[in-house]
Chemist: 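The structure that follows is given in the form of structure tokens.
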Amino acid sequence: LTYCHCLITTNELQSSSPGTAARPFSPFWFSVEPWDTLAVRGAPALLNCSAHSGDPASEPTAPQARVEWKKDGTFLSLAPDDGRRRVLPDGSLLISSVVHSKHNKPDEGTYQCVATIDSLGTIASRTARLTVAGMPRFSSQPTAASIRLGDSQVLACDVNPDLVPLARWEREREPLELSSRLVQLPNGALVVSNASEADAGLYRCMVENAGPAKTSEEAQLTILPETGEERELEFLVEPLPVTKVVGASLLLPCVVTGYPAPYVRWMVGDKLVEESEGKLELVGGGSLLIYNLTEEDAGVYSCMADNTNNTIEAKAELTVQVPPEFLKRPANIYAHESMDIMFQCEVTGSPAPTVKWVKNGDAVIPSDYFKIINEHNLQVLGLVKSDEGFYQCLAENDAGNVQSSAQLIILEHGSRGVANPTGPTPSAPRDVVASLVSTRFIKLTWRPPAEPNGEDLTYSVYFNQEGTNRERILNTSRPGEMQVTIQNLMPDSKYKFRVVAHNKNGLGESSAVLKVATQGEVQVPGPAPNLQAVSTTPTSVTLSWDTPLTGNGDVLTYKVYYMEKGLDLEQDIDAGALSYTLMGLKKFTEYSIRVVAFNKHGPGVSTADITVTTLSDVPSAPPQNLTVEVHNSKSIMVRWQPPPPGAQNGEITGYKIRYRKGTRKSEAAETTGGTQLFQLIDGLERGTEYTFRVSAITVNGSGPATEWSTAETFESDLDESRVPDIPSSLHVRPLVNSIVVSWTPPENQDMVVRGYTIGYGIGSPHAQTIKVDYKQRYYSIENLDPSSHYVITLKAFNNMGEGIPVYESAITRPQSDPIDPDVDLYELFHAPYTPVPDPTPMLPPVGVQASVLSHDTIKVTWADNSLPKNQKITDARYYTVRWKTNIPANTKLKTANTTNLSHMVTGLKPNTLYEFSVMVTKGRRTSTWSMTAQGTTFETIPSSSPKDVTVVSKELKPRTIIVNWQPPSEANGKITGYIIYYSTDVNAEVHDWVIEPVVGNRLTHQIQELTLDTTYYFKIQARNSKGMGPMSEAVHFRTPKSKWGGNPWSNQPPLDHGFGSPHGKPGITGSGDNHILVIVVIISVGAFTIIVVVVGAFLCTRRTTSHQKKKRAASKSSNSSHKYKGNSKDLKPPDLWIHHERLELKPIDKSPEPNPVMTDTPIPRTSQDINPVDPSLDNSLLQRRNSYRGHESEDSISALAGRRGMRPKMMMPFDTQPPQPVISAHPIHSLDNHHHHYHTGSLASPTRSYLHHHQGSAHLRPHACATPISCLDMVGSTESVRNTPSTEPLPPQAQPPCQAEHQHPDPEGSYQGSTATDDEPSASGSYCSAGQPPTAHVRPTHPLKSFAVPANPAANFESPALPSTPLLTQTGPQLHSVKTASIGTLGRVRPPMPVTVPSAPDVPETSKMLEDVDSSYEPDELTEEMAHLEDLMKDLNAITTA
């Protein structure tokens, strides 16, 4: 809350209403104040003072001020008979005769003028110091001396410091006139500089105007001729440290003798002092006179004297003090009783002034109610009437003191325009209570008065500490507010509170007094005083501190916090004593350090941060990018860059260049300054090879040097005042994809040629440009187009520019034109006019490779064809690697330099494609960029959680919610799945939350069967191939209170038990009516199933073509190797149902979709099967039984409790015609035949559903499913899929007896599934319905055919056509290899059907392409049969609806 402390100042007074009852502020101040005075014993002294209290002419009744004096803080008792000291009518103090002796100094001291106006108050003036000059005493006197012509001499005369202004010199008993050559020093001594014959004589020093004149002894000054002999430079007087006040003048003495005559100059800091008229003047041969001192004149002054033989120097510091000055003076204030006020006072000065406050002439002692705020301001809390008066701010430092006053007037209630109440005021506020009590604040609340007598009441809270009569007030911040928090109370103290309401008529009645005690405060240690830090080595800092002054109990330990400058990471370490040494710090690095003491109550108050810089050391790395460039025949330019910042270990003061000639061991060295990064080495021999190395230097010494770099001086100096001439010849030889260019240099060999520029292009030579070295005489232009006309230009260049070009053209050979083997390239390049070619052109790096090392690191390697075969770098070349990614498209290129043939690029983004290229630089020559290499960083676990998680309820289904989300912003790979965690307890352990797995390409999920009127919390976690990312923040949602009801067969959430249960129990529970309805549905479905079986058998027996008979015979032959469990008399089912229990469907085509069917990584169903934070458990997920759902229908099943059964169902719209699928079949191994295992599939409809492959006995019976429902398996295929026997007979072990194979179900009724997108619909499936009438209708355009399967493969056989991993792997003695089924669509063309034929282990898998030339049925016949099937479905719909 913000509270209003009403302060009324003089500015507000002007806006008061004319009828105000407040009295005006009184004009009361000092017009004259006393100043420091030097008095002489026995002489009079006057201290001026005058107080203004109004103009008597305009205000004759204005009260006059009474003036008194204080000496050393005590009022002077001026008796009427004291004729020696009296106060003059204007207020000044006159001392007629100053008394001063060795043991009696009654008049010397500090005086202050005090003015009082009765009934108003008192003000006090600034203080003034009265100093009495003592008797003149000479501590040293002039002595006889001799001086040579033109030299300087000093005659001593040291008197009392306060009498120096009264001292003067005489020569031959005549007053001496001072000049720039004859100077009197601040201590009274006389300087004679540039002596002449006229300076000889008797000198004496005198002190007068202090009683009788006092003279020193006389001394003879003799002038000697100059002999010309050298004399050592010597200071006769050196400057001394001095302190002066702003505005004063100062003489800094500096007197030097010696021969040859010295030249004297002054410096302040590192700047030369130059004379300026009226400010700086050099007098007395070398002393510096400064007029009108300012703060800027402060500093260390150096007097430097030098001649041809020597230089001497003397230093002294000048300190300039500034008397206090007011930046803001205190202002007059109007206030009411109980209010808090603040007098503001801002001052400046040097040294920093101290501020004290005076009220009516008496010092204000800080207390609970008089507080000094921000060192200068005075706060008065809880005003009382006696606080009225004059308050003064007194600021003082060594240079002086100042004062300023302000008046406080306490107003009566009803003054300042508030007339007598014209109506009733509020009654007392009710029920005042302390709703919150802490150690230093209390929160009060209350109810409005019973009789408010008005609207928009405001309230004032009056409070005081028990035992004091000073009551404070605090107002509410806005009308109608009935609470307030009182801050800044004392711990463990009792306070009284009362509340008063205001209306427009004024203050109302006060509430009853409420007494409340604040809580006691647990005291923790205060800051540790005297914290000091000293760097002892380049990597350590020693700290020391003292025990905290405040603390409740013994300090248990200390914690040292330290942080490197420029970083935000603060580190800490425990210290048990009052000192500690921090080790392992960075060299020459600034650290900020603080210390916190701990006691039994916890951490105390931290010390202020102190900074310390570790010591410097020698550099730990050599300079970078060393290059050497031949300048001429006798000099070489060496250039470099500083060592890396982290390896400089101090301020670089210079660089040392070592060089040697050839292979000699003797070295020469040159040193540069710290900022110079080049050096011209001259005086070298012509045509000679030199090697160079550079090392950096700090104050600690030299660091490591660079590798040796070689350069050879020119044989002779050439002219570079103009550009080179035209090359003397240019020859070209075209090949198919390249043109070999050779040339000779310009005929004028006296001009410097630094290189050649080759330009080329189709029809124009300006398309591409290449620069080569001046030594090079040929170049091969590569990557050209065959049979193309190219124009080529060649220009020589130097530092002045490019010369005149020479042109040639050539047509590259056709693609089929081979190179003429009879042409000898040696003759081409070694013609009489062609010099021997240089085999080292500056070519771009080749063979660039990007090797991915991790999710953020790629190693780039390359080769340099311009290096020797061993690829050893011996010169100053370096390589530049650049890289970028196209995501986002505007990503900037990044580069890095290296001197190696590889570079490790770090800090890359995971799962991101980067392009790399390399160029080489040698001196001023650079190559073009190399061809690019690409690398995609590895994936890593998501580093951010799914975002924008929202939960909404589903219409008409209060127990169903829909969770929506967006993928994580930092997926770091392809998201393969999500885990939804939900619970009713947000603080529950992770393993206690229920989980729902979702495939990676879905961003929404339904959860059903939640409890009504319950708050659920949801978190989502993303997964990629590397593991789980972080969880999202919990999002809460409360289910509605109302329960939805309706037709039990309408679209409501399916029941959580029954279908697919391990024991085949009916899964429908409910009322008796529901049981009757279920029986009707079961009978209907059973009848429908019998009809479908008859139709299927009828269709299968109508295969009459010879081709079909041949295929059936082959199928029978193939199946004869299988033996099934059960009665041998069992009949085989119709062909439509054969072997579905042992088939697995796999997609042959690899879907281009981001999430192809059945390639999702498994996600566990229950929270016990997953550790959401440990990605190392990824592999273990495959070892557990998983319950997983893919793309679910709107009625997908989920509940907070554990699920014991699932009711998957498949729906296909009547208007949907399935596309033609491509199917591959694999047997599925099982060791049990008592249960069924279901695989989810997908349909070509917007409504997703499940495709089941039932694994039952060879017979098709009504009870073949786990529940008493009907099963319809329908397969729509392009062709009849058969397996052709292998051309090689299978070994006997590869042909086990035929048997029906089954899979153990998941004990919790789990099932596996994979989903197809809308672009990948399923065209075959099994239909099982429980309670939901069949709605699937297939309108195929091709005959329905059966599958024949050969012998079983090995248990772990896996088709390479399926890029997915098993969704379920069970460990134990019974190892099951479970394959999932899906169908890929290739369109509506009728392609050959690829069939995968598994074989025994170690036998290659064989695939055959079979093509069915004719069909068993015409399309019209099949359409008629399917129309009949559609009518049956409609009839069943009508039965169930009834």
Side-chain angles (χ1 to χ4, degrees), residues 533-543 560-573 581-594 609-627 638-658 671-679 693-709 853-854 856-860 873 876-883 892-909 921:
V534 178
S535 179
T536 51
T537 71
T539 58
S540 65
V541 170
T542 298
L543 307 173
V560 178
Y561 296 87
Y562 62 99
M563 180 171 60
E564 182 181 339
K565 184 180 180 182
L567 300 181
D568 294 330
L569 179 62
E570 188 175 51
Q571 304 178 65
D572 62 84
I573 195 166
T581 300
L582 293 172
M583 307 293 290
L585 305 179
K586 294 183 180 179
K587 299 176 181 180
F588 198 65
T589 303
E590 185 176 345
Y591 288 87
S592 64
I593 302 173
R594 62 189 181 93
D609 286 0
I610 63 171
T611 57
V612 63
T613 302
T614 51
L615 297 179
S616 61
D617 198 0
V618 298
S620 54
Q624 305 178 95
N625 299 338
L626 173 66
T627 60
V638 183
R639 302 178 187 274
W640 62 90
Q641 292 295 321
Q648 294 182 8
N649 300 337
E651 184 178 352
I652 301 296
T653 59
Y655 294 91
K656 181 170 288 187
I657 301 104
R658 294 185 176 89
T671 304
T672 70
T675 58
Q676 184 174 330
L677 300 176
F678 61 90
Q679 179 75 1
R693 65 193 304 182
V694 182
S695 58
I697 305 172
T698 64
V699 293
N700 304 86
S702 299
T706 61
E707 296 293 330
W708 289 102
S709 188
L853 301 183
S854 69
D856 65 349
T857 303
I858 293 180
K859 183 178 182 180
V860 185
I873 302 172
R877 71 182 64 199
Y878 66 93
Y879 302 90
T880 302
V881 182
R882 73 177 182 183
W883 66 92
K892 294 183 179 179
L893 281 166
K894 294 186 178 181
T895 60
N897 293 339
T898 180
T899 55
N900 301 319
L901 292 173
S902 65
H903 182 69
M904 201 83 71
V905 181
T906 60
L908 304 178
K909 296 180 179 179
T921 302

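The analysis underlying the following values was restricted to heavy atoms, covering all of them including side chains, and did not include hydrogens, waters or symmetry mates.
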Chemist: Going by side-chain contact (heavy atoms from CB on, under 4.5 Å), name the residues that satisfy it together with Phe678, two or more places apart in sequence or in a different chain.
Modeler: Met637, Arg639, Gln676
Chemist: Can you tell me if Gln648 uses its side chain to pair, donor with acceptor, with the backbone of Pro643 under 3.5 Å?
Modeler: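 Looks like yes, one N/O pair under 3.5 Å.
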Chemist: Could you tell me which residues satisfy side-chain contact (heavy atoms from CB on, under 4.5 Å) with Thr895, sequence neighbours excluded, listed by chain and number?
Modeler: Thr880, Arg882
Chemist: Find the distance between CG (Leu567) and CG (Leu569) and round it off to the nearest 0.5 Å.
Modeler: 7.5 Å
Chemist: If the condition is salt bridge (Lys or Arg N to Asp or Glu O under 4.0 Å), which residues does Glu707 pass it with, not counting sequence neighbours?
Modeler: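 By the salt bridge (Lys or Arg N to Asp or Glu O under 4.0 Å) rule, Glu707 matches no residue at all.
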Chemist: Does some side-chain heavy atom of Thr698 sit less than 4.5 Å from a side-chain heavy atom of Ile652?
Modeler: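 A side-chain contact exists here, since the closest heavy-atom pair is under 4.5 Å.
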Chemist: So, using side-chain contact (heavy atoms from CB on, under 4.5 Å) as the criterion, who are the partners of Lys586 when residues are at least two apart?
Modeler: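 Expected list: Glu564, Thr589, Tyr591.
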Chemist: Taking side-chain hydrogen bond (donor to acceptor under 3.5 Å, both in side chains) as the test, write out the residues that go with Thr581, two or more places apart.
Modeler: Thr542
Chemist: Output all residues satisfying side-chain hydrogen bond (donor to acceptor under 3.5 Å, both in side chains) with Gln571, sequence neighbours left out; order by chain, then residue number.
Modeler: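 Checked Gln571 against side-chain hydrogen bond (donor to acceptor under 3.5 Å, both in side chains); zero matches.
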Chemist: Just how far is it from atom OG of Ser592 to atom CE of Met563, taken to the nearest 0.5 Å?
Modeler: 4.0 Å
Chemist: Can you list the residues that meet the side-chain contact (heavy atoms from CB on, under 4.5 Å) rule with Leu582, with sequence neighbours excluded?
Modeler: Leu543, Val560, Tyr562, Ile573, Tyr580, Leu585, Ile593
Chemist: Can you tell me how far the OH atom of Tyr879 sits from the CD1 atom of Ile873, to the nearest 0.5 Å?
Modeler: 4.0 Å
Chemist: Evaluate side chain to side chain contact (heavy atoms under 4.5 Å, CB included) for Met904 paired with Leu853, printing each intermediate quantity in order.
Modeler: CA-CA 9 Å; Met904 201 83 71; Leu853 301 183; 3.2 Å; yes
Chemist: So which atom in Ala621 and which in Pro644 form the shortest heavy-atom distance, rounded to 0.1 Å?
Modeler: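 For Ala621 versus Pro644, the nearest heavy atoms are CB-CD, 4.0 Å.
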Chemist: Taking atom types as modelled, find out whether Asn900 and Ser902 have a side-chain donor-acceptor pair closer than 3.5 angstrom.
Modeler: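 No, Ser902 and Asn900 have no side-chain donor paired with an acceptor closer than 3.5 Å.
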Chemist: For the CG atom of Leu626 and the CD atom of Gln641, what is their distance to the nearest 0.5 Å?
Modeler: 10.5 Å
Chemist: Which pairs count as salt bridge (Lys or Arg N to Asp or Glu O under 4.0 Å) when at least one residue sits in residues 641-655, sequence neighbours excluded?
Modeler: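 Passing the test, one end in residues 641-655: no pairs.
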Chemist: If you round to the nearest 0.5 Å, how far is OG1 of Thr857 from CG of Leu908?
Modeler: 6.5 Å
Chemist: Suppose the criterion is side chain to side chain donor-acceptor pair (under 3.5 Å): which pairs have a residue in residues 610-625, not counting sequence neighbours?
Modeler: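 Applying side chain to side chain donor-acceptor pair (under 3.5 Å) to every pair that reaches into residues 610-625, excluding sequence neighbours, yields Lys587-Asp617, Ser616-Asn700, Ser620-Asn649.
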Chemist: Does Pro623 offer a backbone N or O that forms a donor-acceptor pair with the side chain of Thr706 under 3.5 Å?
Modeler: no
Chemist: Over all heavy atoms of both residues, which pair between Gln679 and Trp640 is shortest? Give the atoms and the distance, please.
Modeler: N-CZ3, 3.8 Å
Chemist: Just jot down the salt bridge (Lys or Arg N to Asp or Glu O under 4.0 Å) partners of Asp609, sequence neighbours excluded, or say none.
Modeler: none
Chemist: Check Ser695 against Pro704 and note the closest heavy-atom contact, atom names and distance.
Modeler: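 In this case the closest contact between Ser695 and Pro704 is CB-O, 3.7 Å.
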Chemist: Report the residues that fulfil side-chain hydrogen bond (donor to acceptor under 3.5 Å, both in side chains) with Thr672, sequence neighbours left out, ordered by chain and then residue number.
Modeler: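 Here no residue qualifies.
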Chemist: Once side-chain hydrogen bond (donor to acceptor under 3.5 Å, both in side chains) is applied, do any residues pair with Lys859, and if so which ones, sequence neighbours excluded?
Modeler: none
